[in-house]
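All heavy atoms count here, side chains included; hydrogens, waters and symmetry mates do not. Computed from a predicted model, the values in this text were never measured in an experiment.
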Amino acid sequence: MAGMSPVFRRSDRSDRSDRSAKSRREKKDPRERVVTLIGKPGCHLCDDAQAVIEKVCAEVGASWEKKDIEQDAELHRLYWEQIPVVLVDGAQHDFWRVQEERLRRALTS
């Protein structure tokens with residue numbers, strides 16, 4: 001493609017970005033989703049968040065995991081002032097309080 005016009009190369013890139021945008025819009029199966037709760041022991045907001053996460057994940061079939069912010073320096077640096085923090089598929093979804101309906105929508109849309 002060394003001799004290809006820049007116009008064609010730009011077009012190739014936009015085709016790829018169109019495809020990737022389309023794949024982001026496709027609905028994911030909730031059973032393929034992962035919710036991560038980042039918190040610490042003894043945190044009542046973390047306990048409340050866990051109860052919501054357990055309920056919603058059980059309803060929709062998503063899996064979830066819990067990470068202790070005190071055991072991970074990078075998580076501590078990133079999220080200390082926001083715990084509990086909830087990630088969906090690795091992206092921050094919520095912090096401090098988890099809204100049940102909002103989490104359900106995120107996992108099923």
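Residues satisfying the salt bridge (Lys or Arg N to Asp or Glu O under 4.0 Å) criterion with Asp68, sequence neighbours excluded, are absent altogether.
Both Leu78 and Trp80 belong to a single network of hydrophobic side chains, linked directly or stepwise wherever heavy atoms of I, L, V, M, F, W or Y lie under 4.5 Å apart. If you chain together hydrophobic residues whose side chains sit under 4.5 Å apart, Val56 and Val86 fall into the same group. Cluster annotation: Val60 and Val98 are assigned to the same hydrophobic cluster (Ile/Leu/Val/Met/Phe/Trp/Tyr, side-chain heavy-atom contacts under 4.5 Å, transitive).
Put simply, the side chain of Ile69 reaches to within 4.5 Å of the side chain of Tyr79, judged on heavy atoms. Two residues are said to be in side-chain contact when any heavy atoms from C-beta on lie closer than 4.5 Å; His76 and Gln71 fail this criterion.
Put simply, the side chain of Arg104 never gets that close to the backbone of Gln99: no donor and acceptor are under 3.5 Å apart.
Among all heavy-atom pairs drawn from Val35 and Cys57, the shortest one is CG2-SG, 3.7 Å. Taking all atoms of both residues into account, the shortest heavy-atom contact from Gln82 to Trp96 is O-CD1, 3.1 Å. Among all heavy-atom pairs drawn from His93 and Val88, the shortest one is CB-CG2, 3.7 Å. Pairing each heavy atom of Asp72 with each of Leu75, the nearest pair is OD1-N, 3.0 Å.
Ion pairing between a basic and an acidic side chain is recognised when a charged N comes within 4.0 Å of a carboxylate O; Asp94 and Arg102 show such pairing.
Residue Leu103 holds its CG atom at 10.0 Å from CD of Glu59, rounded to the nearest 0.5 Å. Here Ile83 contributes atom CD1 and Glu70 contributes atom CD; the two are 7.5 Å apart, rounded to the nearest 0.5 Å. For the atom pair Glu32 CD and Ser63 OG, the distance stands at 10.5 Å (nearest 0.5 Å). The OG1 atom of Thr36 sits 11.5 Å away from the CD atom of Gln92 when rounded to the nearest 0.5 Å. Taken from CG in Leu107 to NZ in Lys28, the straight-line distance is 10.5 Å, to the nearest 0.5 Å.
The 12-atom threshold is not exceeded at CD of Glu81, counting heavy atoms of other residues, nucleotides or ligands nearer than 6.0 Å.
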Got a list of side-chain donor-acceptor pairs under 3.5 Å for residues 37-49, not counting sequence neighbours?
none

